[in-house]
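See structure below.
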Amino acid sequence: MSEPVLTLHEIIKVYNQSLPNAVNVLRGVNLSVDKGEIVALVAPSGAGKSTLLHIAGLLDNADDGVVTLAGQNMTNESDRRRTAARRSDLGFIYQFHHLLPEFTALENIVLPQLSAGVSRLNAEKYAHDLLVRVGMGRRADHRPAALSGGEQQRVAFCRALANGPSLLLADEPTGNLDPETSDQVFDILLELVRGTGLAALIATHNLSLAARMDRTLTLKNGQLL
């Protein structure tokens, strides 16, 4: 069997460690996600799922434990190495799209490719191909303000996949959409992930969406069930 794309081993995270009201957010979390696997992470607000995603995405450091991404132990790597890994191996999707308002849909997907050293011509071609895949080809030259919420999130999906990551991390990716649009957009997300064969860890409150993924993990009292 191939090595998991993401492995978290005995991850511990404590806030306000030096104070009497220290909060043990993560208490020895163990997790692995394989290539081509879509894993749902379910937890109530405040349970620590965003903290877990930030540690998995190298945006925050655990107080203890080991983070392995694409076969590399990232636990004690430099900020420069972690930034490079985020650019090449990770794609992020949030509840709010965070698109750059002054750029078109196409340009929002081109920019991360340019920062990774891709030529503008190739970046624009790939960005357009991604937009076509999510039914947004005719909206490529529209800025975010001219797009609906569902359209904006589809552009955000494409941007997350722009640099060909091995792992997609999503935090409530449809949480800001109405139920009907949420289902439609989630269909597109699943199609994109399965079509590219990458690993995905998706945090959601929506149990019906979680049931459509390969397996579901529940974060409770700082541990995964």
Side-chain angles (χ1 to χ4, degrees), residues 1-95 160-161 163-173 175 189 193 196-207 209-225:
M1 293 180 63
S2 61
E3 189 172 19
V5 174
L6 171 70
T7 302
L8 304 181
H9 179 68
E10 294 296 320
I11 297 296
I12 293 174
K13 185 67 176 179
V14 182
Y15 290 118
N16 301 322
Q17 292 188 58
S18 61
L19 300 177
N21 60 341
V23 179
N24 296 289
V25 180
L26 303 176
R27 305 167 181 259
V29 167
N30 293 288
L31 165 69
S32 66
V33 185
D34 294 328
K35 181 178 180 180
E37 183 179 32
I38 304 175
V39 178
L41 176 62
V42 176
S45 297
K49 67 181 184 306
S50 293
T51 297
L52 179 59
L53 288 177
H54 287 170
I55 291 173
L58 309 179
L59 295 168
D60 194 5
N61 292 308
D63 294 313
D64 200 1
V66 177
V67 178
T68 304
L69 176 65
Q72 300 295 313
N73 185 339
M74 302 301 300
T75 309
N76 297 313
E77 288 287 355
S78 66
D79 288 342
R80 181 176 180 179
R81 176 70 185 92
R82 290 164 69 90
T83 298
R86 285 196 298 270
R87 183 182 299 122
S88 62
D89 293 315
L90 292 165
F92 297 91
I93 301 173
Y94 300 98
Q95 178 174 347
L161 299 179
N163 285 337
S166 53
L167 174 66
L168 179 70
L169 298 172
D171 194 356
E172 300 288 352
L189 176 59
V193 172
T196 51
L198 76 165
L201 179 61
I202 302 175
T204 180
H205 284 105
N206 191 321
L207 295 180
L209 295 185
R212 298 171 59 190
M213 301 185 223
D214 297 321
R215 59 189 171 103
T216 298
L217 300 174
T218 301
L219 184 61
K220 186 176 181 180
N221 298 325
Q223 296 183 320
L224 284 178
L225 308 176

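Treat the numbers as computed from the prediction; the structure is a model and nothing was measured. Worth knowing before you read on, the calculation uses all heavy atoms, side chains too, and leaves out hydrogens, waters and symmetry mates.
- In terms of modelled atom types and a separation under 3.5 Å, the side chain of Asn30 and the main chain of Glu10 share a donor-acceptor contact.
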Worked check of side chain to side chain contact (heavy atoms under 4.5 Å, CB included) between Leu41 and Ile202:
CA-CA 6 Å; Leu41 176 62; Ile202 302 175; over 6 Å; no
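- In this structure, the side-chain contact (heavy atoms from CB on, under 4.5 Å) partners of Thr51, at least two apart in sequence or on a different chain, are Lys13, Tyr15, Val25, Leu26, Ile55.
- Side-chain contact between Val67 and Leu58 is present, with heavy atoms from C-beta onward closer than 4.5 Å.
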Task: Pair Gln72-Arg81, side chain to side chain contact (heavy atoms under 4.5 Å, CB included): steps then yes or no - done: CA-CA 11 Å; Gln72 300 295 313; Arg81 176 70 185 92; 4.1 Å; yes
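- In the model, Thr204 has no side-chain atom that pairs as donor or acceptor with a side-chain atom of Asn206 under 3.5 Å.
- The two atoms that bring Leu53 and Ala203 nearest to each other are CD1-CB, 3.7 Å, heavy atoms only.
- Across all their heavy atoms, Ile11 and Ala62 have their closest contact at CG2-CB, 3.8 Å.
- Of the N and O atoms on the side chains of Asn73 and Thr68, not one donor lies less than 3.5 Å from an acceptor on the other residue.
- A donor-acceptor pair under 3.5 Å is absent between the side-chain atoms of Asp214 and the main chain of Val39, judged by distance alone.
- Proximity of Pro165 to Leu198: side-chain heavy atoms (C-beta onward) are separated by under 4.5 Å at one or more points.
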* Asked: Stepwise, does the side chain to side chain contact (heavy atoms under 4.5 Å, CB included) test hold for Ile93 with Asp171?
  -> CA-CA 6 Å; Ile93 301 173; Asp171 194 356; over 6 Å; no
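- A donor atom on one side chain and an acceptor atom on the other are not found under 3.5 Å apart for Arg80 and Thr83.
- Here the CG-CD distance, from Leu69 to Glu77, works out to 10.5 Å after rounding to the nearest 0.5 Å.
- Looking at heavy atoms from C-beta onward, Val5 lies out of side-chain contact with Asp34 at the 4.5 angstrom threshold.
- Ion pairing between a basic and an acidic side chain is recognised when a charged N comes within 4.0 Å of a carboxylate O; Glu37 and Arg215 show such pairing.
- In this structure, Ser166 and Asp89 have side chains that are in contact, with non-hydrogen atoms separated by less than 4.5 Å.
- Between Pro173 and Leu189 the shortest side-chain heavy-atom distance falls below 4.5 Å.
- Between Val42 and Leu207 the shortest side-chain heavy-atom distance falls below 4.5 Å.
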*asked:* Evaluate Phe92 against Leu59 for side chain to side chain contact (heavy atoms under 4.5 Å, CB included), listing each step before the verdict.
replied: CA-CA 11 Å; Phe92 297 91; Leu59 295 168; 3.8 Å; yes
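- Considering only heavy atoms from C-beta on, Leu217 stays 4.5 Å or farther from Leu225 through its side chain.
- Using a 4.5 Å heavy-atom cutoff, the side chains of Leu224 and Leu8 are not in contact.
- Looking at Arg82, its side chain does come within 3.5 Å of a backbone N or O of Met74 through a donor-acceptor pair.
- Rounded to the nearest 0.5 angstrom, Lys49 NZ and Glu172 CD are separated by 5.0 Å.
- Closest heavy-atom contact between Ala200 and Val33: O-CG1, 3.9 Å.
- Counted by atom type alone, Asn163 and Arg86 present zero donor-acceptor pairs between their side chains at under 3.5 Å.
- Taking CG of Leu169 as the start and OG of Ser50 as the end, the distance is 11.5 Å to the nearest 0.5 Å.
- Taking each heavy atom of Leu6 and Ala56 in turn, the nearest pair found is CD2-CB, 3.9 Å.
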